[in-house]
Number of protein chains: 2
Amino acid sequence: MTNTVPARQKGRGRGGARNAKRKRRSGGPSTAEKIFEAAEKLLGEKGYEGTSMRDVAELAGVNKALVFYHFGSKGELFDAVIDRYYKAHRETIERSLSRTYGSTRDRVHRLIDDYLDFMERNRLYPRLIQQEVARRSGRVHQIRRNLVELSRAVGKLLDDLTPEDGPLATRHLFMSVSGMVVNYFTYAPALDELWGGDPMEPARLNERREHIHWMIETILDRLVAEKERRERDAGRQLEASSTS
Amino acid sequence: MTNTVPARQKGRGRGGARNAKRKRRSGGPSTAEKIFEAAEKLLGEKGYEGTSMRDVAELAGVNKALVFYHFGSKGELFDAVIDRYYKAHRETIERSLSRTYGSTRDRVHRLIDDYLDFMERNRLYPRLIQQEVARRSGRVHQIRRNLVELSRAVGKLLDDLTPEDGPLATRHLFMSVSGMVVNYFTYAPALDELWGGDPMEPARLNERREHIHWMIETILDRLVAEKERRERDAGRQLEASSTS
DNA sequence: AATGTGGTTGACCGATCGGTAAAAACTGTG
DNA sequence: CACAGTTTTTACCGATCGGTCAACCACATT
């Protein structure tokens, strides 16, 4: 998966990073991969401060020193995890935005679907990101940039449907919709009384998906209506001034 | 503020909790209050695992042992903080819901306003709650119950406007709206590039408030329209069956 | 068989963690 | 003043933290 070159001597020391890549006979995951997966899980569940390197080693089923051998330090290990998410997140967005066919409305719905797919495939990601953002961790600045760029891209997609400023600016809509998406994954399981069952099972997830699409549809309808009203008003204004 | 009786001997030992409450001459906050405020701040900013009792003592400007003297243990200290939020949260909701005058629409808007007021007065609360919920901390189960009850109360308020199940059920709307509210406080400061200024200054907060009210209005309009359509359809159905 | 190399191990380090015990200081009351 | 009760301080504890080290192992090359 990620780079398999150990981190022992941090950059300094002997020359180029010779990519060893010794063959692994049994098809199982490499040590580095096992560590990475354990770190991914624990970071999502317990957060950075709540996870110890011993926990990681134990869950991975390897010696603790191996974690440092392969990833250097706790910070580097979790940076690697976050970096993977960052790249997957970015790729998801870019791939979705690159498909430019269909109406604006179709493209927005498609973006939502791709975003939800990403969340469903990476269920620990929303938990991780909520924890780190709430703590102002600084370790997630790349992902923050992703979100800023995504909001700007949505702004271009919506074009003249939303004003540049004020309560209907794209950034507000973006915050609201991303809140709808992300919060479900973090809050719904904690509020399972409301659902009477596991909110993460496929049927419930699809229900949530429908809800969000309904919300998007409702918002877009209103934005279009308001735009038309603005244009009508402008036309009337023009008409009135020309006849005066 | 909270109970000022130290926790040294956990329940057992000498008889009733004699409320000492020795008078404090200088008007400043008591030691317990200083500790509590420091804990509140750090818990919101760094989370439970990210905060040490030494940090708390240092920020409060008191001896570390005093923290244990007054609050017993780390868990009890932070439980006290969370309990205060729980009660304030609950009181805010109950007071808002108890004012039953006005239309359903007015009452919903009022609830949103009161909720936003609470968040603005307790800016560390959304950060705390997001961290603890994302970690499935278990220390916030009272607050989770608050949210469940709030969702049910909103359901009663909306009455027959929302169906019991499916993507338009109250729980989905509740999740979406609470996401809009809470996520702004946790995400907006991390995405300050989008705002070109501090999203927590009063003008921006009011803009956000307007946005949320606009969203609520849009959702309610659509729900009312769909309800009327359903009734019209039902009437037509009835008419058709009576003339057949 | 000798050598070099990347992967692995267990023992260990100083720092910090939450928590405790007992003495010391402070306080109001007789 | 003596006394009792409360609050604060100092010094300490064992456990755990992130991280290091030297030895060791498996294996490919010479």
Side-chain angles (χ1 to χ4, degrees), chain A residues 3-10 12-26 28-36 38-39 42-43 46-58 60-79 139, chain B residues 3-10 12-26 28-36 38-39 42-43 46-58 60-79 139:
Chain A
N3 65 333
T4 51
V5 43
R8 289 160 306 172
Q9 292 158 316
K10 321 174 181 177
R12 61 180 153 76
R14 298 213 330 278
R18 195 156 1 151
N19 203 340
K21 193 178 279 186
R22 183 158 343 174
K23 62 190 156 214
R24 225 168 35 252
R25 69 202 58 196
S26 72
S30 72
T31 300
E33 282 165 354
K34 284 192 288 186
I35 293 169
F36 188 88
L42 290 175
L43 184 58
K46 320 253 189 188
Y48 183 83
E49 304 286 352
T51 303
S52 75
M53 295 299 260
R54 281 168 179 82
D55 294 339
V56 173
E58 197 175 339
V62 303
N63 188 288
K64 178 171 71 76
L66 278 177
V67 183
F68 292 93
Y69 174 77
H70 283 286
F71 290 92
S73 69
K74 185 180 183 183
E76 288 171 88
L77 170 59
F78 289 123
D79 280 345
R139 193 158 263 116
Chain B
N3 65 332
T4 50
V5 44
R8 287 160 308 173
Q9 292 159 317
K10 323 175 180 177
R12 60 180 153 77
R14 300 214 328 279
R18 192 157 3 152
N19 204 342
K21 194 178 281 186
R22 195 182 303 207
K23 61 189 151 212
R24 224 164 40 249
R25 70 201 57 199
S26 73
S30 72
T31 301
E33 282 166 354
K34 285 191 288 184
I35 293 169
F36 188 87
L42 290 174
L43 185 58
K46 321 254 190 190
Y48 184 82
E49 304 287 351
T51 303
S52 75
M53 295 298 261
R54 281 167 179 80
D55 294 338
V56 173
E58 198 175 337
V62 303
N63 190 289
K64 178 172 71 75
L66 277 177
V67 183
F68 292 92
Y69 173 76
H70 282 287
F71 291 93
S73 68
K74 185 179 181 181
E76 288 171 87
L77 170 58
F78 289 122
D79 280 346
R139 195 158 260 117

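A, B, ... follow the sequence lines: proteins, then strands. Residue 1 opens every chain. This structure is a prediction, so every number in the text was calculated from the model and none was measured.
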A:K34 versus A:P29, closest heavy-atom pair with distance: CG-CG, 3.8 Å
Nearest-Å distance for atom pair CG/P, residues B:N63 and D:dT8: 10 Å
Nearest-0.5 Å distance, CG of residue A:D55 to NZ of residue A:K64: 11.5 Å
Integer-rounded Å distance: C:dG7 P and A:F71 CZ: 12 Å
Distance, rounded to the nearest Å, where A:L66 contributes CG and D:dC21 contributes P: 16 Å
Any B:H70 side-chain N or O less than 4.0 Å from OP1/OP2 of D:dT8: yes
Please enumerate all protein N or O atoms sitting under 3.5 Å from an N or O of nucleotides 14-17 of chain C, with distances to 0.1 Å.
{"from": "C:dC17", "atom 1": "OP1", "to": "B:S52", "atom 2": "OG", "distance (Å)": "3.3"}

Partners passing side-chain hydrogen bond (donor to acceptor under 3.5 Å, both in side chains) against A:N63 (at least two apart in sequence or in another chain): none
Donor-acceptor contact present, side-chain A:K74 to main-chain A:Y48, <3.5 Å: yes
A:V62 side chain near A:H70 side chain, heavy-atom distance below 4.5 Å: no
Residue from A:T51, A:L43, A:I35 passing side-chain contact (heavy atoms from CB on, under 4.5 Å) with A:L77: A:I35
Secondary-structure string, 5' to 3', Watson-Crick or G-U under 3.5 Å, | for another-strand partners, for DNA chain D: ||||||||||||||||||||||||||||||
Integer-rounded Å distance: C:dG7 C1' and A:E33 CD: 15 Å
Spacing of A:F68 atom CZ relative to D:dG18 atom P, expressed in whole Å: 7 Å
First of A:E49 and A:A65 reached from the 5' end of DNA chain D, by closest nucleotide: A:E49
Evaluation steps, side chain to side chain contact (heavy atoms under 4.5 Å, CB included), between A:F71 and A:F78: CA-CA 9 Å; A:F71 290 92; A:F78 289 123; over 6 Å; no
B:Y69 OH to C:dA25 C1', straight-line distance once rounded to whole Å: 13 Å
Short side-chain N/O contact to C:dG7 OP1/OP2 from A:T31, under 4.0 Å: no
Nearest-nucleotide 5' precedence on DNA chain D, A:K64 against B:V62: B:V62
